[in-house]
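Comments concern the structure below.
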Amino acid sequence: MDYRFPKSARLLTSREFQRVSSQGRRSTTRYFTLLTRDVLSDPIRLGITVSRKVGNAVQRSRVKRLIRETFRLLRPMLKSGLECVIIAKPMAGQTVNAELLRDLRQLLARHEIPDPTALHGTEQK
RNA sequence: GGAGUGGGCCAGACGACCGCUGAUUUUUGGAUCACACCAACGAUUGGAGGAAAGUCCGGGCUCCACAGGGCAGGACGCCGGGUAAUCCCCGGCGGGGGCAACCCCAGGGAAAGCGCCACAGAAAGCAAACCGCCAAGCCUCUGACCAGGGAGACACGCCUGACCAGAGCGCGGCAAGGGUGAAAGGGUGCGGCAAGAGCGCACCGCGUCUCCUGGUAACAGGAACGGCACGGCAAGCCCCGUCCGGAGCAAGACCACAUAGGGGGACGUUUAAAGACGGCCCGUCCAGUCCCCGGGUAGGUCGCUAGAGACGGUCGGCAACGCCCGUCCCAGAUGAAUGGUCGUCACCCCUGCCCGUCCACCGGGACAGACAGACAGGGGGACAAAACCCGGCUUAUCAGCCCACUCCGAGU
RNA sequence: CGGGGUGUGGCGCAGUCUGGUAGCGCAUCGGCUUUGGGUGCCGAGGGCCGGAGGUUCGAAUCCUCUCGCCCCGA
């Protein structure tokens with residue numbers, strides 16, 4: 001399967017972020033906030049926001065990499081035609097990687113493709 | 001072995017799979033007359049730190065005028081050296097702390113001037129005198145003694161006078177002692193004196209546009225002179241000396257896009273004003289416009305990493321460091337890469353006897369007690385991530401290792 | 001990258017320039033007033049002035065370093 005995650009699959013400009021945050025739907029978990037916006041016939045794209053309240057530069061980088069890594073591995077199973085923005089909450093800076101990973105999978109599971117061949121619901125747990 | 005001081009090193013290793021990013025390159029596609037260029041997949045190869053941090057100093061670089069003069073302002077401040085430069089580093093001097101190794105110090109000027117020194121105390125900066133000490137003199141009182149006088153038989157008492165002692169008052173001398181304070185115009189001893197005092201002497205301390213010796217110098221040692229005059233604070237103002245033009249890679253350059261003209265204000269067609277020039281003035285440039293609000297654009301390329309560069313060595317220097325030679329190329333991201341998962345092996349920490357059903361509790365038993373190793377199980381690995389680049393400083397930091405030195409204890 | 005502000009009882013602030021006693025309001029506690037509560041009045045407790053070092057006889061105040069928070073400009 002294709003687990004790559006090039007720059008073209010990312011939201012990079014301020015204008016794109018503002019478009020999602022003004023028109024998107026919001027869902028939250030303990031450590032993250034997910035904003036989504038439907039776009040027709042484009043591959044799924046992701047933007048990441050980690051503010052200074054999360055922690056110092058090392059902690060912010062760690063959180064960003066974890067979000068990218070999780071999204072990269074789940075990307076083939078997610079719906080296309082979607083723009084996402086994941087915002088880290090301040091609590092995320094104090095939390096270990098495994099905990100954040102579980103939280104992220106739970107967050108992104110809502111947008112998975114309903115796959116008839118695999119029992120993804122029980123598999124991911 | 002214990003306690004400590006100074007300096008240095010390291011920042012787990014290897015592997016598998018899946019990714020991100022720079023450079024080179026194959027293929028394919030787009031584009032083109034063809035290159036250049038763009039995109040995708042693949043291959044090779046590179047990809048955070050000792051502090052990358054804080055942004056506290058100093059430079060390079062770029063633009064503003066080739067950065068000019070003055071004022072203001074700021075920084076620094078023992079001496080010598082190192083350096084591109086420094087508030088940094090090295091060596092020394094002086095002072096302070098420690099038994100010592102060693103550590104700490106903004107460490108110029110208080111006889112240029114101003115200011116401050118609360119409370120206490122008599123007095124807080126210029127010499128003065130609260131308690132106190134003291135000789136002579138004057139006055140008052142008390143006491144002892146002497147002389148004279150009146151009355152009286154005589155003596156005391158009474159009156160007057162002199163002298164001595166004490167107390168008090170005022171005019172003086174002194175600053176030893178007491179007391180206050182952080183600080184009171186040298187300290188100790190002897191002499192001296194009415195009492196005292198550098199008043200004199202000895203030693204110590206202090207000072208000097210002085211001299212000698214050593215040292216490049218700070219300074220050290222000595223001599224001579226001065227009886228001592230000169231309190232502290234300049235991290236209060238200040239004075240003296242040295243240094244500093246301003247901004248910062250969002251500097252700056254190029255390409256593309258867009259340059260519409262709404263509202264308000266300033267100044268002027270002679271001097272000038274405004275601006276470049278972001279503290280002010282002069283000076284220079286510029287030449288008819290300039291500023292503010294509002295509106296628009298904020299895409300790409302370069303700058304962007306070969307450098308006061310790293311490593312090794314010779315030589316010079318006590319050292320910081322410098323000269324020369326050889327080898328090497330070692331991150332360039334931009335909503336911002338350098339990662340995630342797993343395995344193995346090292347490192348550190350904790351736990352540990354046996355039996356009773358595998359485990360836990362509980363019960364019983366063994367061992368005088370402790371330490372170390374092996375083994376088994378569990379846990380841990382800090383601080384902190386380039387953002388134009390260097391040199392320092394400061395701060396954060398788990399575990400470990402190395403070198404030199406000091407003190408204490410024991411043994412030989 | 002550049003600049004500014006701030007840290008003082010539980011809370012919000014003075015005092016810092018010009019060094020010597022840390023004060024104000026609310027809150028807390030006790031008493032009085034009221035049948036009781038509130039209000040009002042009287043009184044009390046609570047601070048090593050963010051941290052470390054230095055200058056000074058003496059530091060919240062002056063100086064140096066450092067930590068945290070907030071804000072602004074490009």
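This one's a predicted model, so the numbers in the text were calculated from it and none came from an experiment. Chain naming here is simple, since letters A, B, ... match the order of the sequence lines and numbering starts at 1 in each.
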Between the base of C18(B) and the side chain of Arg72(A), is one N or O donor paired with an acceptor at under 3.5 angstrom?
yes
Nucleotide nearest Asn56(A) when distance is taken to its side chain, options G339(B), G19(B), A385(B)
A385(B)
Test item: Arg60(A) side-chain N/O and Gly55(A) main-chain N/O as donor-acceptor pair under 3.5 Å:
yes
If hydrophobic clusters are built by linking Ile, Leu, Val, Met, Phe, Trp and Tyr wherever their side-chain heavy atoms come under 4.5 Å apart, do Phe17(A) and Leu35(A) end up in the same one?
yes
Stacking check: are the rings of Phe17(A) and G335(B) less than 5.5 Å apart at their centres and under 30 degrees in tilt?
yes
Mind checking if Ile48(A) touches a base, just sugar-phosphate, or nothing, with heavy atoms under 4.0 Å?
base
If you look at every strand shown and take non-hydrogen atoms under 4.0 Å, does Thr49(A) touch a base, only sugar-phosphate, or nothing?
base
Options A385(B), G335(B), G340(B), nucleotide nearest the side-chain atoms of Ala57(A):
A385(B)
Any chance you could measure Leu107(A), atom CG, to Arg102(A), atom CZ, to the nearest 0.5 Å?
14.0 Å
Which pair of non-hydrogen atoms, one from Glu112(A) and one from Lys79(A), has the smallest distance, and what is that distance?
O-CE, 4.0 Å
Name the closest nucleotide to the Lys7(A) side chain, picking from A385(B), U334(B), C18(B).
U334(B)
Side chain of Arg10(A) only, please: which of G340(B), G335(B), A385(B) is the nearest?
G335(B)
